[in-house]
Amino acid sequence: MRRLMLAATVSLLAVGAAQAQVTADDIANDATTTGDVVTNGMGQALQRYSPLELLNKENVEHLVPAWAFSLGGEKQRGQETQPLVYDGIMYVTGSYSRLYAVDVKTGQELWQYDARLPEGILPCCDVVNRGAAIYGDMVIFGTLDARLVALDRKTGDVIWNKEIADYKAGYSYTAAPLIVNGLVITGNSGGEFGIVGEVQARDVNTGELVWTRPTIEGNMGTLNGEDSTMTGVLNATWPGDMWKTGGGAPWLGGSYDAETNTLIFGAGNPAPWNSHLRNAGTPVEGNTGDNLYAASRIGIDPATGEIKWHFQTTPREGWDFDGVNEVVAYTDREGNGRLATADRNGFFYILNREDGKFIRATPFVQNITWASGIGEDGRPIYNEDNRPGDPTTAAEGERGETVFAVPSFLGGKNWMPMAFSQRTGNFYVPSNEWGMDIWNEPVTYREGAAYLGSGFTIKPIFEDHIGALKAIDPDTGDIKWEYHNPAPLWGGVMTTAGGLVFLGTPEGEFKALDDETGEVLWSFQTGSGIVGQPITWEQDGEQFVTVVSGWGGAVPLWGGEVANRVNYLNQGGMVWTFRLPKEFASAG
């Protein structure tokens, strides 16, 4: 009965309204249009910058709640999503692979889709979902059992439903899909289970596969149902058959640089974590043991899936420093096209926009131990004494030497997206200052089982803070200011032409900071920790801001001593939407 009533509501809303469709132009122009948000990242380049300035430093104190919507039920956990807004409707995903359509004027639910997840799913880092994509009359999102579902935007009815990979083998999916040139493009998750990372492109209207591109050497790509080319060269950087279970999952999704017509995906950790095991055996002559293309950023031709370039942030990776963090295309102050990425390994990288070539890297967290810096060729200058020890040299091969490494495997920056301000020219990077005891241990691959070969305990390194939002000048790597937070930062950042930087904290505070000084100008307590991604848009002459509140994600599951520090935080699931009343919009 409830579903019938909601469907009737949708029909009434559609009466007399144009049947608006999201077009390729809408997606391409999302970063500059202000009346909607139709892409994850508020633009294909993922800058998360809004040109809106109705809301600014002078009037943000007048920002007030417009409505709040509960995701409902007992399925709370981590809410890492970014909502989308189009044609008067907000589309927001929730934990456990749910998707909601909400009236943006009232906060009323229009319809809900709840995926029927099977028993035995193997998500690594909570039951999160990071958002959807919209195109035409469809809203498309992925599910924890590694499926991709297209729904009718107006009714929530299923249009197509496709399998990305076999969840029983350890695959899952949590990222927001990417729409480029009539294709819906996805990665996969599951690097902790010895899967093989892969980027897939499907016809957006039918869901049928167009091409696939594995992100581990030795695996074959496909184009239009036929084998295309092998990724890399078989056994060039992997010993024996380890490429068959090499990990490298592009689990965070990707970005699209229209200027160079390039998809940019990051590949996660190689499997297993034990780097000594991956670099053993009798590799071919000249094998560097880098285990390509794990822990790399990869430029891909969107038409064919062919790799155009790659840059590996952590060759011979041994600390779980995934290379998945977002790559943001931007123009520097001298007018040069650049790519920026803040890696889990603690270094902030600038690459050439045309070919992904390394330009420079600077540390953005403190006390890094695993490397003393990044060389002129972009390769780390390793501190080999800080690599977890080889268990085969230990007594009875039980456990290699334990080291204390900084940052922890959850990274100087993890999945939580940074923002780039076209106003200041700075990046705003949510980071964490922590380290870990880490050791290697024997492991054997078994399908569907954890394939780590390592143990760990995460520990804070400062008494007064773990989280640190950092304003970084990409031209120099200088940190212009820092905002410290007692608990880890695990949510996304947004910045605006009004001079504001928005972020949420695990303590539940949604904050607006001055983009030039880091001063807190406004704060609102949402009732649960924020690990979501804020957005803003304009409607009827007012500026709105939305964020989803709901504590969870990897920190409470994997955080060791840090998890114990924040075990008092409440879970939740609430969509908070704020508005600046018109009478204050003229301030500033």
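Not measured: the values here are computed from a predicted model. Both backbone and side-chain heavy atoms feed into the values below; hydrogens, waters and symmetry mates do not.
- Judged as a side-chain contact (heavy atoms from CB on, under 4.5 Å), and not counting sequence neighbours, the contacts of V443 are P272, L277, Y451.
- Aromatic ring centres of W558 and F456 lie closer together than 6.0 Å.
- Side-chain contact of N325 with T341: a donor-acceptor pair under 3.5 Å is absent, judged by distance alone.
- In summary, the aromatic rings of F578 and F524 are positioned with their centroids under 6.0 Å apart.
- Among the candidates S528, S95, S549, the single residue satisfying the side-chain hydrogen bond (donor to acceptor under 3.5 Å, both in side chains) test with Q79 is S95.
- Note on ring orientation: taking the six-membered ring where Trp is involved, the planes of Y428 and W481 are tilted (angle from 30° to 60°).
- With sequence neighbours excluded, no residue forms a side chain to side chain donor-acceptor pair (under 3.5 Å) with N570.
- Across I179 and I134, no two heavy atoms sit closer than the pair CG1-O, 4.5 Å.
- Because its NZ or CZ atom is not both nearer than 6.0 Å to the ring centre of Y349 and within 45° of the ring axis, R360 does not count as a cation-pi partner of that residue.
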Show your working on side chain to side chain contact (heavy atoms under 4.5 Å, CB included) between T186 and I164 and close with a plain yes or no. CA-CA 8 Å; T186 58; I164 296 172; 4.2 Å; yes
Side chain to side chain donor-acceptor pair (under 3.5 Å) for W319 and N269? Distances and angles first, verdict last. CA-CA 9 Å; W319 302 263; N269 60 281; over 6 Å; no
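- Remark: E538 pairs with T34, L52, L54 by the side-chain contact (heavy atoms from CB on, under 4.5 Å) rule, at least two apart or across chains.
- In summary, the aromatic rings of F321 and W370 are positioned with their centroids under 6.0 Å apart.
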What pairs of donor and acceptor atoms, side-chain ones from residues 482-498 against any protein atom, are under 3.5 angstrom apart with sequence neighbours left out?
residue, atom, partner, partner atom, Å
E482, OE1, H484, NE2, 2.8
Y483, OH, K511, NZ, 3.4
N485, ND2, A487, O, 3.0
N485, ND2, E507, OE1, 3.0
N485, ND2, E507, OE2, 3.4
W490, NE1, E80, OE2, 3.2
T495, OG1, L500, O, 2.9
T496, OG1, G498, N, 3.2

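- Remark: of the listed residues R48, M416, M418, R297, M418 is the sole one forming a side-chain contact (heavy atoms from CB on, under 4.5 Å) with E326.
- Between the CG atom in L144 and the OG atom in S97 there is a gap of 3.5 Å [rounded to 0.5 Å].
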Would V547 and I530 count as a side chain to side chain contact (heavy atoms under 4.5 Å, CB included) if you check the C-alpha gap in whole Å, the side-chain angles of each, and the deciding distance to 0.1 Å? CA-CA 8 Å; V547 72; I530 298 173; 3.8 Å; yes
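- In this structure, the side-chain contact (heavy atoms from CB on, under 4.5 Å) partners of E516, at least two apart in sequence or on a different chain, are K57, R423, T424, D514.
- Using modelled atom types, one side-chain atom of D30 and one backbone atom of V38 make a donor-acceptor pair closer than 3.5 Å.
- Of the possible donor and acceptor atoms, one in the side chain of S255 sits under 3.5 Å from a partner among the backbone N and O of V327.
- Counted by atom type alone, T536 and S50 present zero donor-acceptor pairs between their side chains at under 3.5 Å.
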Going through the distances and angles, do D343 and T313 end up as a side chain to side chain donor-acceptor pair (under 3.5 Å)? CA-CA 8 Å; D343 198 78; T313 44; 3.1 Å; yes
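- For Y167 and Y173, the gap between ring centers reaches or exceeds 6.0 Å.
- Going from atom OG1 of T314 over to atom CG of N291 covers 11.5 Å, rounded to the nearest 0.5 Å.
- Proximity of a side-chain donor or acceptor of T215 to a complementary backbone N or O of G248 within less than 3.5 Å is detected.
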Where do N414 and F409 land on the side chain to side chain contact (heavy atoms under 4.5 Å, CB included) test, with the steps shown first? CA-CA 9 Å; N414 201 281; F409 77 91; over 6 Å; no
Test T39 against Q44 for side chain to side chain donor-acceptor pair (under 3.5 Å), laying out the working first. CA-CA 7 Å; T39 62; Q44 291 176 311; over 6 Å; no
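- Screening residues 485-496 for salt bridge (Lys or Arg N to Asp or Glu O under 4.0 Å) gives no qualifying pairs among residues at least two apart or on separate chains.
- Between Y330 and F427, a ring centre-to-centre spacing shorter than 6.0 Å is recorded.
- For W537 and F544, the gap between ring centers is short of 6.0 Å.
- For W434 and F462, the gap between ring centers reaches or exceeds 6.0 Å.
- Shown are K459, K413, K470; of these, the salt bridge (Lys or Arg N to Asp or Glu O under 4.0 Å) with E433 is made only by K470.
- Contact check on E317 versus R344 returns no salt bridge, with no Lys/Arg side-chain nitrogen under 4.0 Å from an Asp/Glu carboxylate oxygen.
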Begin from the C-alpha positions of T174 and R130 and carry the test side chain to side chain donor-acceptor pair (under 3.5 Å) through to its verdict. CA-CA 6 Å; T174 57; R130 298 187 176 95; 2.7 Å; yes
